[in-house]
2 protein chains.
Amino acid sequence: MAMAKITMRDVAKYAGVSVATVSNVLNHNDHKTTEATRNKVFSAVNKLNYKMDMTARTLSKGKSNLIGIFMPQVYENNMPGTILKENPYYSEIISGIEYSARMLGYDILIACIGSAEQAIELTDKRMLDGIAILGGYEEVFWDKVYTLEVPIVTIDSYNHERKGVINVGIDDEFGAYLATKHLLSLGHTNIAIGTAILDYSPVNQQRYKGFISAITQEGIDIKDCLVIEEEVSIKGGINVGYRLIKDHKDVTAIFIVADIMAYGLMKTLHQFGKNVPDDISIIGFDDLSFSNYTIPALTTVRQDIYTKGIEISKLLIGRIEGNMELSDSIVMPVSVVIRETTKQKK
Amino acid sequence: MAMAKITMRDVAKYAGVSVATVSNVLNHNDHKTTEATRNKVFSAVNKLNYKMDMTARTLSKGKSNLIGIFMPQVYENNMPGTILKENPYYSEIISGIEYSARMLGYDILIACIGSAEQAIELTDKRMLDGIAILGGYEEVFWDKVYTLEVPIVTIDSYNHERKGVINVGIDDEFGAYLATKHLLSLGHTNIAIGTAILDYSPVNQQRYKGFISAITQEGIDIKDCLVIEEEVSIKGGINVGYRLIKDHKDVTAIFIVADIMAYGLMKTLHQFGKNVPDDISIIGFDDLSFSNYTIPALTTVRQDIYTKGIEISKLLIGRIEGNMELSDSIVMPVSVVIRETTKQKK
DNA sequence: CTGAAAGCGCTTACAG
DNA sequence: CTGAAAGCGCTTACAG
């Protein structure tokens, strides 16, 4: 039953040429072959339904055409999980990375990693041509990962420059500024911010800066603004809600740094009988595809997550292939999309 | 800068043994080596920080320890996307597959595929040891894919048996039966079902059967029940809502076959000023992690998606490794979780 | 332009 | 128990 595998040898024999020539034809080293030879080879390939063995090619070229997408292994309720499962942001971005990589001739290996060592090991043992790293990690993680000699692209990182790593990010500060401006323009003055733990999140430090600029620019004392730091997840958003309800009945608007947190926040506010946006206006960040469908629909800062994924592959592969023009870090645009969770202050 | 790669040769030399012996030690062919030899080898491995080159190993063993997760390439608004991005069901299941595979020593390659040929090509060229196929496809797709000689596990398939392929599924019929029973127990008699296009979805044919059983058992004429067929997505759910609003003001409860559709349905009903559950009760299917946080929280049929992913890897790898005891198709349990979208009929 | 040969880093009979 | 050698299916100088 198991048919013998068709190799280049078979193709070579069938076409009446050498294995080296088949290789040259298939690798489009056209200056090394004549058209007649190429035709013979291609027709043999079709006839025999030959498929290149990427494993052999990888071993011999030292290049796998495989890129790794690494993301943090997380635990909730003691169950191992992944950021993939927790936050649709990652599904959307991976979707873009995969599509674009495939178009460029690369396959995707995904893995959740608990340490830099795991990332390094996988990269080495699978001979990955490059890796994209999703999620936030501590400084020491990056120090280790950066010893890898393959191209790396980080996403939303703020400390890549020192190592010459490429990053695909957005203007977090400006996005937060716009969000806060929007709240301000609606007449709100008692505005809170719901954010990730700032000490651990450079991204959110940027967003907080944007928040401060807008607030300060309006002549409001930033010290009067409530800052609530919680985990970036639905549960984190729920907690933001509790803390808001508990002591701060005077807050009329909140900028919350992730749509996923906004979902949790809305849930808590609803539980406590608060109406959004009548009692409190909310603006999120990300514009996850679901945000258009919450009730009420979430006003948020939009970033084009899928396109971000596409750019990640383009840059990473650009660098892998030595195309340095394509290999600079990029900052993608943000904009606010106004839906139903923000409203003029009463 | 680029350090020379450490290979088995280096380890062998350092340990003062042959490459074959290193290989035997590392592959735990313990009956072929003495403890003393093993110790020498392991300490050389540590000393040199040797990492097995999986590419070489794959080529030589014909086994990659790589498994493929394939899912459909979809398009929305002419943009290429993936089911990953559209439906959290897939993120959750992939999360489980990845975790379990990793624990068992396998890595994961993901790819969106537009045809059976792509699946076959990837499997061949990457020498995948086995594949998990997510999503629904036409008969002809399966006919082609089943020519592959590696183990395959399908998810929620109803036509795998003829080919001896393993499947991980749930009791769709029973789940739907329970859902409908729940609605019935609340006094509803005019119950609709929102489903995928039945002709294309064996899974939903099963669910429809469960719906029919419950309805019929109650003495209600199934012909009086509204059946609305739409795509499984938020947009599909929105359309279910439109169609429900348009002509069927007498329906007081609906069973909708996917939580993701329920989200869209709730959105439409809200837009038209219908209150859930006061005006209409909704029960979904899946229990996506977000379903606990919709407003109101969604009553639904729970399946443990993450665990399903874990089982998929276990079965697939079990079969890859020839452990046939572990290799039967399994049907995982379902249960209804009552939250806030269903209510006693007024 | 084409081919013979060595090499990529492993594994696996086979001899000893 | 250990090692020399062939082989997995490619690519890549090198000769011709």
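Letters go in sequence order (proteins before strands), and every chain restarts at 1. In this text, all values refer to a predicted model and were calculated from it rather than measured experimentally.
- In this structure, Leu84(B) CG and Gln73(B) CD are separated by 11.0 Å, a value rounded to the nearest 0.5 Å.
- Asn24(B) and Thr33(B) share no side-chain donor-acceptor pair at under 3.5 Å.
- Between Phe141(A) and Tyr137(A), the angle of the ring planes stays under 30°, which puts this pair in the parallel group of the 30/60° scheme.
- Among dT11(D), dT2(D), dC10(C), the nucleotide with an atom closest to any side-chain atom of Asp53(B) is dC10(C).
- A heavy-atom distance below 4.0 Å to DNA chain D is reached by these residues of residues 9-20 of chain A, ordered by number: Val19(A), Ala20(A).
- In this model, the phosphate group of dG3(C) is approached by a side-chain N or O of Thr21(A) to a distance below 4.0 Å at OP1 or OP2.
- Using a 4.0 Å cut-off between a side-chain N of Lys or Arg and a carboxylate O of Asp or Glu, Asp10(A) and Lys5(A) do not qualify as a salt bridge.
- At whole-Å resolution of the value, CG in Asn65(A) and P in dC10(D) are 15 Å apart.
- For the residue pair Glu98(B) and Tyr106(B), no side-chain donor N or O sits within less than 3.5 Å of a side-chain acceptor on the partner.
- If you take CG of Leu59(B) and P of dC10(C), they are 12 Å apart, rounded to a whole angstrom.
- Between the side chains of Thr58(A) and Thr55(A), no donor-acceptor pair is found at a separation under 3.5 Å.
- Of the residues in residues 22-40 of chain B, those placing a heavy atom less than 4.0 Å from an atom of DNA chain C are Ser23(B), Asn27(B), in numerical order.
- Following rounding to the nearest Å, Lys5(B) (NZ) and dG7(C) (P) show an atom-to-atom distance of 17 Å.
- Under the 4.0 Å criterion applied to side-chain N and carboxylate O atoms, Asp107(A) and Arg126(B) are assigned as salt-bridge partners.
- Salt bridge annotation for Lys314(B)-Glu311(B): present, with a cationic side-chain nitrogen under 4.0 angstrom from a carboxylate oxygen.
- The distance between atom NZ of Lys125(B) and atom C1' of dC10(D), rounded to the nearest whole Å, is 15 Å.
- Residues Val19(A) and Thr7(A) fail the side-chain proximity criterion, which asks for heavy atoms closer than 4.5 Å.
- At a threshold of 4.0 angstrom between heavy atoms, the contacts of Met54(B) with the nucleic acid are absent.
- Rounded to whole angstrom, the span from the CE atom of Met8(A) across to the P atom of dA4(C) amounts to 16 Å.
- The NZ atom of Lys63(B) sits 15 Å away from the C1' atom of dC10(C) (whole-angstrom rounding).
- Between the CD1 atom of Ile6(B) and the P atom of dG9(C) there is a distance of 11 Å, rounded to whole Å.
- Partner assigned to dG3(D) is dC14(C), using Watson-Crick or G-U wobble distances below 3.5 angstrom.
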